[in-house]
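Ligands are counted one by one from 1 in listed order, and the atoms in each one are counted from 1 as well.
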Amino acid sequence: MGKVFICDHPLIQHKLTYIRDEATKTKDFRELVDEVATLMAYEITRDIPLENIKVKTPVATADCRIISGRMLGLIPILRAGLGMVDGILKLIPAAKVGHIGLYRDPDTLQPVEYYVKLPTDVQERLLIVIDPMLATGGSANAAISVLKKRGCTQIKLMCLIAAPEGIQAVQTAHPDVDIYVAAIDDHLNDHGYIIPGLGDAGDRLFGTK
Ligand code: URA
């Protein structure tokens, strides 16, 4: 069963409060999401392996550690996932970015891929799938399946807010995927919105409504 990590650092929780507030305007919303993404990147990379190297300081040789060859890939789910990419790249500038676009088939209600563009060496990378709102889990599950179909095996999921229903759906479909969230909310309403949530993350990020 995949683990769920709640990133409860006070800075993350403080900023999330303003992200939720309906009075927060697009510019501030975008900046806050970007900042929280940077802080969450710190948590999500906590277990990446290090290797030992020696470095000559001006006065001696020091035994130091650097991140070992493990390469990262960021996979935002369009479109709200885009809002967290730059914040993560501030900490991990060498990461490659792939994109997955999904829509819901009106007849089957199943997510369908309409855009997939991934780094050529995606199978070798530790991938962070990014979707700010983990609601039913349908999109996250479909995006993770897209990656697994292409041979990817190291996948984590990063969200701002999750509903219990979404967490359960991902844990059931992809028990190998750990989930990182800033908060777990109460439930989904009849329209699939997370309650209390923050509304529509894509609309609030891009000022569309
Ligand atoms: N997507 C959103 O943007 N908000 C929700 O509450 C659920 C899904």
Problem set entry | Heavy-atom neighbours of R65 CZ exceed 12 at 6.0 Å | no
For this session: Enter the distance from D176:CG to I144:CD1 here, rounded to the nearest 0.5 Å.
Result: 8.0 Å
Seminar exercise, completed: CD1 (I77) and CE (M133) are apart, to the nearest 0.5 Å, by 13.0 Å
Exercise. V36, L89: one ILVMFWY side-chain cluster at the under-4.5 Å cut-off?
Worked result: yes
For this session: May I ask whether L134 and L147 are part of the same hydrophobic cluster, defined by side-chain heavy atoms of I, L, V, M, F, W, Y residues being less than 4.5 angstrom apart, directly or through others?
Result: yes
Exercise. Can you list every pair that meets ring pair (Phe, Tyr, Trp, His ring centres under 6.0 Å) and has a residue in residues 10-37, with sequence neighbours left out?
Worked result: H14-Y18
For this session: Select all protein residues for which some heavy-atom-to-ligand 1 distance is less than 4.0 Å, and list them by chain and number.
Result: M133, A135, G192, Y193, I194, G199, D200, A201
